[in-house]
*Asks:* 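Pasting in a structure now, in structure tokens, and then I'll have a few things to ask.
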Amino acid sequence: MALTGRAALVAALGTLPVGLWDPSWTGIIAVNAPLALACACDFALAAPVRHLRLTRSGDTSVRLGDPADVTLTLTNPSRRPLRAKVRDAWPPSSWQPGTEVTGSRHRVSIPAGERRRITTRLRPTRRGDRQADRVTIRSYGPLGLLTRQGTHRVPWTVRVLPPFTSRKHLPSKLARLRELDGRTSVLQRGEGTEFDSLREYVPGDDTRSIDWRATARQTTVAVRTWRPERDRHILLVLDTGRTSAGRVGDAPRLDASMDAALLLAALASRAGDRVDLLAYDRQVRALVQGRTAGDVLPSLVNAMAALEPELVETDARGLTATALRTAPRRSLIVLLTTLDAAPVEEGLLPVLAQLTQRHTLLVASVADPHIADMAKSRGTTEAVYEAAAAAQAQSERHRTAEQLRRHGVTVVDATPDELAPALADAYLALKTTGRL
């Protein structure tokens, strides 16, 4: 039960003349008694909210940045019409800043025995599961003086998936993959190490690809065509430890790593390779294995949706042991982690031989573009100190990357916008040289 602004206004207007002409308890009672009676009648005529039946329907998943519509159906089983304000509460990150009030509140009028649908449009600002909170209903009587109010629990969950902004690079990477496969009309053989087929020689073909034995058995010159290796195993390993929580721009490093992993997974699945995912810090946070080419990308997106950086130091030995169990045969292991000196030198380097002995290892890291901007600063004493600090940070990252390369590791270090295409290019380069 709640008084409305209209009731307060009527009480104030009625009390004003009493205060001017007859300031006494009799005058106050004379004004407020009819108002109290009107409020009681208004409350009795308002439709009850406790017996309303509420159900939900609508979207259950949405990409980060896209809108999601959740429909709330209200059924009025009483004999009185329902005139109400409805607040459909969700976590604050379900809306863009400043839009929660307009997005969560609705006016509804439902005749007796009927139902109406209202739609709440969400636009989440964070990944993960967004669960509906309480639905608060304020039912008004015909005079609008006193209201009935109650809450209902109507569970619903919307999973906010990674945005996969790097998918814009996929067509160009697939075109490069087709060139490697030899399926485009370019005057070069399909690159790769697996023999594909024989075809007739055309001017411009590499003479080193001529198959002389096949040529001797027919009247035309035959050349070999090649294709990249297929059916290789790729394990994407996401480091979800404390270093992944560092923000680069407006998002944590983990988000940029996931975006790069999704582009690589989409490209590798189109290339005929098998892709698995492992997210680890001190325990397994997500594991996706054995998915088909058509199902791997949705599975990865769904598994990544709920991942959040953990504020703990990553256990490099545990990560290595889990990766080796997940990839028992020779694989390409793509480790998305940091290139900071301390975590690499104290954590990864001591166990690096266990990975490189059996597998091909590719380490990808998110670089901070702000550091590159700082390195260019000049003009003031403060700017010079900033440039010196940035240069030192860059030098440490380069030294760490060189240490990894000396152990046979392929290293990709790029800014969030450039990491995904750079990682895809590194994968294609490995495929071209037959190192998978």
Side-chain angles (χ1 to χ4, degrees), residues 1-7 39-164 298-299 301-302 304-306:
M1 182 175 65
L3 284 169
T4 65
R6 182 180 297 180
C39 288
C41 295
D42 200 38
F43 180 81
L45 294 175
V49 298
R50 298 292 182 185
H51 302 294
L52 294 176
R53 295 194 295 268
L54 286 76
T55 57
R56 288 192 188 272
S57 60
D59 296 331
T60 56
S61 63
V62 62
R63 289 196 182 277
L64 182 63
D66 292 342
D69 292 335
V70 179
T71 300
L72 183 67
T73 303
L74 298 91
T75 303
N76 179 18
S78 69
R79 297 180 180 179
R80 282 165 280 179
L82 174 70
R83 293 174 291 271
K85 290 182 179 178
V86 180
R87 180 176 182 262
D88 188 5
W90 290 75
S93 59
S94 302
W95 286 280
Q96 296 292 326
T99 64
E100 178 182 359
V101 173
T102 56
S104 62
R105 287 166 171 76
H106 310 271
R107 287 183 176 272
V108 65
S109 179
I110 308 176
E114 296 189 12
R115 63 183 180 183
R116 293 291 185 271
R117 293 185 178 91
I118 58 175
T119 299
T120 301
R121 170 156 289 190
L122 310 177
R123 193 178 289 272
T125 58
R126 292 179 56 190
R127 288 182 297 101
D129 291 337
R130 297 291 170 268
Q131 296 181 346
D133 201 350
R134 294 167 296 180
V135 178
T136 303
I137 303 173
R138 181 172 288 182
S139 174
Y140 290 82
L143 300 178
L145 299 176
L146 199 63
T147 65
R148 297 173 183 259
Q149 182 169 308
T151 60
H152 293 259
R153 294 280 185 179
V154 191
W156 193 259
T157 301
V158 175
R159 171 155 287 193
V160 186
L161 307 174
F164 192 15
S299 299
V301 169
N302 191 59
M304 291 177 181

*Asks:* Could you list the residues that satisfy salt bridge (Lys or Arg N to Asp or Glu O under 4.0 Å) with R134, not counting sequence neighbours?
*Replies:*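 Listed in chain order: nothing, the list is empty.
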*Asks:* May I ask you to decide if G113's main-chain N or O and N76's side chain share a donor-acceptor pair within less than 3.5 Å?
*Replies:*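 No; judged by distance alone, with no hydrogens or angles, the pair does not exist.
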*Asks:* Given side chain to side chain contact (heavy atoms under 4.5 Å, CB included), test Y140 with K85 step by step and report yes or no.
*Replies:* CA-CA 8 Å; Y140 290 82; K85 290 182 179 178; 3.5 Å; yes
*Asks:* Rounded to the nearest 0.5 Å, how far apart are OG of S94 and CZ of R126?
*Replies:*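 Here the interatomic distance stands at 10.5 Å.
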*Asks:* Have a look at V62 and tell me which of L161, V158, V70 forms a side chain to side chain contact (heavy atoms under 4.5 Å, CB included) with it.
*Replies:*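 Passing option: V158.
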*Asks:* So, applying side chain to side chain contact (heavy atoms under 4.5 Å, CB included) with S139, which one of R80, R148, Q149 is it?
*Replies:*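 Among the candidates, only R148 passes.
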*Asks:* Does the side chain of L122 come within less than 4.5 Å of W95's, by heavy atoms?
*Replies:*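 They are in side-chain contact.
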*Asks:* If I take atom CD1 from residue I118 and atom CG from residue L74, how far apart are they, to the nearest 0.5 angstrom?
*Replies:*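 The CG atom of L74 is 5.0 Å from CD1 of I118, to the nearest 0.5 Å.
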*Asks:* Please report the closest heavy-atom contact between A47 and S78, naming both atoms and the distance.
*Replies:*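 Residues A47 and S78, closest heavy atoms: CB-OG, 4.0 Å.
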*Asks:* May I ask you to test the I137-L54 pair for a side-chain heavy-atom distance under 4.5 Å?
*Replies:*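 They are in contact (side-chain heavy atoms under 4.5 Å apart), so the answer is yes.
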*Asks:* Under 4.5 Å between any side-chain heavy atoms of V160 and R130, yes or no?
*Replies:*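 V160 reaches R130 side chain to side chain.
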*Asks:* Do the side chain of D59 and the main chain of S61 share a donor and acceptor less than 3.5 angstrom apart?
*Replies:*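 Pair absent, no side-chain N/O of D59 close to backbone of S61.
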*Asks:* Between R56 and D88, does any side-chain N to carboxylate O distance fall below 4.0 Å?
*Replies:*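 Salt bridge present between R56 and D88.
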*Asks:* So does R63 have more than 12 non-hydrogen atoms from other groups sitting under 6.0 Å from CZ?
*Replies:*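 Buried by this count: over 12 neighbours within 6.0 Å.
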*Asks:* I want to check something: taking the side chain as every heavy atom from C-beta on, are R153 and D133 in contact at a cut-off of under 4.5 Å?
*Replies:*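 They are in contact (side-chain heavy atoms under 4.5 Å apart), so the answer is yes.
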*Asks:* May I ask you to decide if A68's main-chain N or O and R121's side chain share a donor-acceptor pair within less than 3.5 Å?
*Replies:*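 It does not hold such a pair.
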*Asks:* So how far is it from R107 CZ to R138 CZ, rounded to the nearest 0.5 Å?
*Replies:*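 Separation between the atoms: 11.0 Å.
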*Asks:* Please round to the nearest 0.5 Å and tell me the distance separating atom CZ of R117 and atom OG1 of T73.
*Replies:*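 Those atoms lie 4.5 Å apart.
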*Asks:* Taking atom CZ of R105 as the centre, does the number of heavy atoms from other residues, nucleotides or ligands within less than 6.0 Å exceed 12?
*Replies:*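 Yes, because the 6.0 Å sphere around CZ of R105 holds more than 12 heavy atoms from other groups.
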*Asks:* Side chains of R159 and N302: is there a donor and an acceptor less than 3.5 Å apart?
*Replies:*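 Distance-only check passes for R159 and N302.
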*Asks:* Applying salt bridge (Lys or Arg N to Asp or Glu O under 4.0 Å), can you list everything that pairs with D66, at least two apart in sequence or on another chain?
*Replies:*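 Checked D66 against salt bridge (Lys or Arg N to Asp or Glu O under 4.0 Å); zero matches.
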*Asks:* Is there a side-chain contact between T60 and W156, using heavy atoms and a 4.5 Å cut-off?
*Replies:*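 In contact.
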*Asks:* What's the spacing between H152 NE2 and T55 OG1 if we round to 0.5 Å?
*Replies:*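 Reported to 0.5 Å precision, the distance equals 12.0 Å.
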*Asks:* Identify the heavy atoms of T75 and P77 that sit nearest to each other, and give their distance.
*Replies:*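 Of all heavy-atom pairs spanning T75 and P77, the closest is O-CD, 3.1 Å.
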*Asks:* Any side-chain heavy atom of L72 sitting closer than 4.5 Å to one from V135?
*Replies:*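 Yes - at least one pair of side-chain heavy atoms lies under 4.5 Å apart.
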*Asks:* Compare all side-chain heavy atoms of P67 with those of Q96 and state whether any distance is below 4.5 angstrom.
*Replies:*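 With C-beta onward as the side chain, the pair stays apart.
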*Asks:* So which atom in P111 and which in R116 form the shortest heavy-atom distance, rounded to 0.1 Å?
*Replies:*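 For P111 and R116, the tightest heavy-atom pair comes out as CD-NH2, 3.4 Å.
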*Asks:* Would you say that H106 contacts T120 through its side chain, given a criterion of any heavy-atom pair below 4.5 Å between the two side chains?
*Replies:*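 Side-chain contact under 4.5 Å: yes.
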*Asks:* Could you grab the distance from atom OG of S93 to atom CZ of R123, nearest 0.5 Å is fine?
*Replies:*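 One gets 14.5 Å once the value is rounded to the nearest 0.5 Å.
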